[in-house]
Structure formats: structure tokens, C-alpha cells
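Sequence lines set the chain letters: A, B, ... in the order given, protein chains first and strands last, and positions in each chain run from 1. All figures in this text were calculated on a predicted structure; none of them were measured in a lab.
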Number of protein chains: 2
Amino acid sequence: MSLNKSSQLNVQCQFCKSRADSHFADLPDEDLSILSAHKSCVTYKKGQNLFYEGTRPMGIFCINYGKVKVYKMGSNGKEQILFIAQPGDFLGYRSLLSEEFYGASAAVIEQAAICFIPKSDFLTILNKNPAFFSKLMKAVCHELGVMEDKLAQLAQKSVRERLAATILMLKETYGMEGEGSDLIDIALSREDLANIVGTATETVIRLLSEFKSDGLIGLEGKKIKVIDSQKLVHEADFYG
Amino acid sequence: MSLNKSSQLNVQCQFCKSRADSHFADLPDEDLSILSAHKSCVTYKKGQNLFYEGTRPMGIFCINYGKVKVYKMGSNGKEQILFIAQPGDFLGYRSLLSEEFYGASAAVIEQAAICFIPKSDFLTILNKNPAFFSKLMKAVCHELGVMEDKLAQLAQKSVRERLAATILMLKETYGMEGEGSDLIDIALSREDLANIVGTATETVIRLLSEFKSDGLIGLEGKKIKVIDSQKLVHEADFYG
DNA sequence: AGAAAAACATGATAAAAGTCATGTTTATCC
DNA sequence: GGATAAACATGACTTTTATCATGTTTTTCT
């Protein structure tokens with residue numbers, strides 16, 4: 001009886017586990033059913049793209065589970081990761097609201113289930129529900145502050161400092177894998193990590209090894225564990 | 001009869017010349033008079049600060065004339081300029097709406113007249129006028145896109161490319177001084193320019209000299225003129 | 001106007017980080 | 001399950017950019 005075609009699931013928004021962590025958290029059932037009406041929910045494998053920079057947004061993506069990197073491609077072929085979305089996060093609403101083409105691309109980095117809600121339904125809720133609109137405004141303003149911070153960090157800190165700060169951020173943002181594990185719950189390739197920090201892959205590899213042999217972190221494949229949080233904070237603040 | 005105390009002017013928003021370039025452009029008179037009711041308009045000299053990072057926003061600043069840099073201070077004492085506001089621009093509304101402390105500081109770089117509108121009046125208009133709210137939302141979303149772009153540029157381009165791109169941006173954004181002049185209408189110290197580009201002052205000085213002797217730009221004190229736009233674009237795109 | 005301070009400029013040097021080359025391990029795919 | 005590709009790792013070398021030192025020019029202030 002097991003169908004292999006598991007790519008369509010279509011969980012109703014009302015019953016979505018990730019909704020509690022999202023901007024949809026306290027939307028009334030009425031609004032939720034409008035959002036659910038024409039949505040499609042699809043599972044993506046690692047490496048698949050949700051959308052590409054320069055294309056027209058047609059709706060928003062809502063992550064049920066999994067992780068997605070949002071990145072910009074440089075003329076040199078290197079990508080800069082702007083942020084990594086996790087369950088409950090929305091993608092693409094920024095471009096939708098500014099009525100521009102996507103300014104970045106999005107690709108799955110850990111197997112994901114993602115709902116797509118068409119533009120019109122999303123805008124309907126936005127117009128219908130001023131509290132939701134305000135909430136979203138607040139979120140965008142916050143995001144802008146976060147982005148400004150990243151910009152300043154990138155300009156002012158060394159690669160070493162930024163890598164230390166990034167590891168601490170990852171721990172903060174993605175927490176630990178289940179019980180008893182102290183590994184940060186995200187599997188990033190060294191290349192992706194380099195593209196978050198804004199440096200070369202080799203440099204990240206070298207610094208990770210250093211941090212490891214200095215007893216700041218532990219490495220298990222792609223997963224990192226923070227051993228000496230104190231020292232890591234110190235590395236992130238000034239330069240060693 | 002001439003009072004030296006020219007620092008208070010209090011132009012009514014209705015009659016403000018810069019309003020046409022601002023988000024207040026098509027606000028009804030009714031709303032404008034609410035905004036004007038408790039505002040104060042002050043002239044600032046170069047170097048004065050409007051607000052500091054980490055303090056609580058009490059309202060918004062609206063630039064009548066002059067230029068203001070918005071910057072973040074790094075732990076190393078270096079500042080990173082996030083953007084330079086010009087007449088018609090608002091400052092501080094981002095933090096106001098996300099209900100956070102200021103994430104950056106603002107200082108006048110060219111003598112300015114700036115109105116301050118208290119938080120409550122601004123929020124009144126925001127609640128009263130959904131079209132204005134939407135317009136602002138759109139603007140913030142656009143700003144976020146711009147900031148993401150800056151981040152990627154900073155991460156992916158060389159200092160040389162970024163300086164070339166910055167000069168072109170300045171020309172685009174601030175235009176030329178009055179008639180017959182081809183100088184870009186902004187007087188930035190080499191240090192400020194370095195803090196926009198995200199590099200050391202000496203490096204900017206050296207690169208400007210190079211660009212000059214290569215016939216890409218002309219320099220007259222703090223002002224820059226673009227001589228060979230074509231080549232400058234080329235410098236900005238890849239690396240020479 | 002003249003002193004003091006700030007901004008500009010240039011050279012010499014050092015440090016940080018990128019690139020290239022090559023080998024090893026780990027994942028992925030018929 | 002074994003071939004193929006991708007990711008990881010490390011060394012050698014180069015380039016870029018920052019830092020330090022010092023001198024000159026321009027502003028600013030009284």
C-alpha cells in the first residue's frame with residue numbers, strides 16, 4: 001500500500017506543526033483556510049531550488065520542515081548566503097511586497113517539505129487582517145536591522161572572528177540535535193559555511209581545524225559541537 | 001533685526017520643499033497637519049549627531065536639506081557607514097516600527113535642516129492611513145533588498161571594485177552640483193568614503209589617485225567627477 | 001592672520017586571506 | 001557494491017589590503 005509518490009502531502013495550515021513558529025501563529029482559522037485553499041505542499045531533496053534570483057515571485061514559500069539557504073550569486077561564480085531559513089520561516093514575501101523580482105535564490109540544504117501559497121491568497125490575508133500586516137512590518141523592520149548588523153560585521157571583523165561568531169549563531173539559532181547530543185542541529189558543507197562567513201572554503205577548513213585543536217569545538221562530519229563557548233565568544237569579539 | 005538664533009525654523013510639512021521626494025509626498029493635508037503639530041525643525045552643523053546606536057527611538061527624523069550618514073561603530077573603533085540620507089529621507093522609523101533600540105548612529109556630514117516628528121504622531125498617521133502604511137512597507141522591503149545587495153557586494157568584490165561601484169552609486173544618487181559642473185554633489189572625506197566602501201582610509205586615497213591618473217575620475221578637494229564612466233563600470237564589474 | 005588640528009598623501013612593511021596543486025576521505029549513483 | 005564524483009584536508013605560494021611612519025596640505029578656531 002505504500003505509494004512512492006510522497007512528494008505531495010498538502011497538510012492544511014490549521015494542522016501544520018511549524019505554524020506555531022511562524023508569522024501565521026495566531027491567525028484565525030478563517031484566514032488559515034483561505035491560505036490553505038490553493039496552496040501546494042511539496043517535499044524537496046537537498047540541492048533543489050525553490051526559486052532563482054531575477055525571476056518574478058508568484059507567491060510565498062512556507063517551510064514545514066527542513067532547511068533552505070537563501071543566497072546571491074556573484075559575477076565570480078561564488079555565492080553569498082544571506083540567511084538560512086528553517087521550519088516556520090517564510091520565503092519570498094520580501095520581493096512580493098516590494099513588487100520586485102527575486103533578489104536572491106533559494107536552495108534546499110536539508111530535505112524539506114515546503115508549502116507554496118499563491119500571491120493572491122497571501123495578499124488577501126494581508127489586506128483583510130491589519131494585525132497580521134503590522135506583525136509582518138515589524139518582522140521586516142527587524143530583518144533589516146539584522147542585515148545591517150551582518151554588513152557591519154563583514155566589514156569590520158576578520159574571517160576568524162566571523163567564523164567564531166557564525167558557529168555561535170548557528171548554535172543559538174538551530175539548537176542541538178535531540179537528546180544527549182551536543183551537536184548543533186544543522187549539517188552545513190564547508191563550502192556553505194564559507195559562503196555564510198564570506199570567505200574561501202579552504203580558509204574555513206583550516207580555521208575549523210584550528211578551533212578544534214585549540215579545544216573550542218568538536219567536529220563530527222558536517223556537524224559541529226561547541227566545547228568551549230567562553231573562548232569562542234572571545235575569538236568572535238576581538239581578534240586573537 | 002537679524003536674529004542669530006536661526007537654528008529653529010519650523011517649516012510646516014505642507015510647505016516643505018523636500019516633501020515631494022519623501023514618503024510623505026502624497027499625504028492629504030489633514031495628515032500633514034497632524035505631523036506638523038508637534039514637530040520641531042532644527043539646523044545641524046557638520047559633525048553633530050541625531051542619535052546614537054543603543055538608545056531608544058522617540059520619533060522620526062525627516063531631512064529638509066543636508067546629508068546625514070547612518071553608521072555602526074565596530075569594537076575596533078572603526079565605523080561602517082550603512083547609507084547616507086539626503087533631503088526627503090526618513091531616519092529612525094525602522095527601529096521605531098520593530099520596537100527596538102537604534103541599531104545605528106546618525107551624524108550630519110553636510111550642514112542640514114532636519115525635522116523631528118514625535119513617535120505618537122507618526123504612529124497615528126500610520127494607523128489612520130493604510131495606503132501610507134503599505135507604501136512604507138514597500139519601502140522597507142525594498143531597503144532590505146538593497147542591504148542584501150550591499151552585503152553580497154562586500155563579500156564578493158575587491159576593494160577596487162567596490163570603490164568604483166561606490167563612485168558610480170554616488171553619481172547616481174546625489175547627481176551633479178548645479179549648472180555647468182560635473183562634480184558629484186556630495187563632499188565626503190576620504191575617511192567617510194573608506195567607511196562606505198569598507199576599507200582603510202589609506203587604501204581609498206591610493207585607489208582614488210590611481211583612478212585619477214588612469215583618467216577615470218577627476219578630484220577637486222573632497223568632490224569627485226566621473227570622467228570615463230565606461231571604464232569605471234568595467235572596474236566595478238570584475239577586477240582589472 | 002596665525003596657530004593648532006584635522007585631513008590628505010605616499011612609502012615601506014606586515015599580515016591576512018585567496019589561489020593553486022594535490023592527496024585523501026566520504027557520499028552518491030547505477 | 002564498486003565506480004565516480006563530491007567534499008574535505010593540507011601545503012606552498014601569491015595577492016590583496018591593513019598598518020605604521022612620516023611629511024604635506026587644508027581647515028578650523030580664536
I'd like to know if the side chain of B:D237 reaches the main chain of B:H234, judged simply by a donor and an acceptor atom lying under 3.5 Å from each other, with no hydrogens or angles considered.
no

Can you give each donor-acceptor pair under 3.5 Å made by side-chain atoms of residues 194-207 of chain B, sequence neighbours left out, with the distance rounded to 0.1 Å?
from   : atom 1 : to     : atom 2 : distance (Å)
B:N195 : ND2    : B:E191 : O      : 3.4

Nearest 0.5 Å please: distance from the [atom1] atom of [X] over to the [atom2] atom of [Y].
{"X": "B:Q86", "Y": "B:Y174", "atom1": "CD", "atom2": "OH", "answer": "5.5 Å"}
{"X": "A:I217", "Y": "A:E235", "atom1": "CD1", "atom2": "CD", "answer": "10.5 Å"}
{"X": "A:L163", "Y": "A:L216", "atom1": "CG", "atom2": "CG", "answer": "10.0 Å"}

Distances for protein N or O near nucleotides 22-29 of chain C N or O, under 3.5 Å:
none

[X] [atom1] to [N] [atom2], straight-line distance once rounded to whole Å:
{"X": "B:K157", "N": "C:dG18", "atom1": "NZ", "atom2": "C1'", "answer": "18 Å"}
{"X": "B:D192", "N": "C:dA6", "atom1": "CG", "atom2": "P", "answer": "15 Å"}
{"X": "A:I205", "N": "C:dT19", "atom1": "CD1", "atom2": "P", "answer": "14 Å"}
{"X": "A:E191", "N": "C:dG18", "atom1": "CD", "atom2": "P", "answer": "14 Å"}
{"X": "B:E161", "N": "C:dG18", "atom1": "CD", "atom2": "C1'", "answer": "14 Å"}
{"X": "B:L188", "N": "D:dT27", "atom1": "CG", "atom2": "C1'", "answer": "17 Å"}
{"X": "B:L219", "N": "C:dA7", "atom1": "CG", "atom2": "C1'", "answer": "14 Å"}
{"X": "B:L207", "N": "D:dA18", "atom1": "CG", "atom2": "C1'", "answer": "13 Å"}

Sugar-phosphate, base or nothing in reach of [X], heavy atoms under 4.0 Å:
{"X": "A:K78", "answer": "sugar-phosphate"}
{"X": "B:T201", "answer": "nothing"}
{"X": "A:S209", "answer": "sugar-phosphate"}

B:T203 side chain near D:dA18 phosphate (N/O to OP1/OP2, under 4.0 Å):
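The answer is yes; a side-chain N or O of B:T203 sits under 4.0 Å from OP1 or OP2.
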
Side chain of A:R190, heavy atoms from C-beta onward: which of D:dC8, C:dA9, D:dT17 has the nearest atom to it?
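The answer is D:dC8.
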
Ignoring the backbone of A:S189, work out which of C:dC8, C:dA17, D:dC8 is nearest its side chain.
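Output: D:dC8.
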
Start at the 5' end of DNA chain D and walk down; is the nucleotide closest to B:V159 or to A:K222 reached first?
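Counting from the 5' end, the first nearest nucleotide belongs to A:K222.
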
Find every protein N or O atom lying less than 3.5 Å from an N or O atom of nucleotides 11-13 of chain D, and list the pairs.
from   : atom 1 : to     : atom 2 : distance (Å)
D:dG11 : N7     : A:R206 : NH1    : 2.9
D:dG11 : O6     : A:R206 : NH2    : 3.3

Check for me whether the distance between the ring centres of B:F61 and B:Y93 falls short of 6.0 Å.
no

Quick one: do B:R94 and B:E143 make a salt bridge, cutoff under 4.0 Å?
no

Would the number of heavy atoms belonging to other residues, nucleotides or ligands and lying under 6.0 Å from NZ of A:K223 be above 12?
yes

Other residues, nucleotides, ligands: >12 heavy atoms within 6.0 Å of A:M176 CE:
yes

Got A:E210 and A:R160 here, is their nearest side-chain heavy-atom distance under 4.5 Å?
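Sidechains of A:R160 and A:E210: in contact.
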
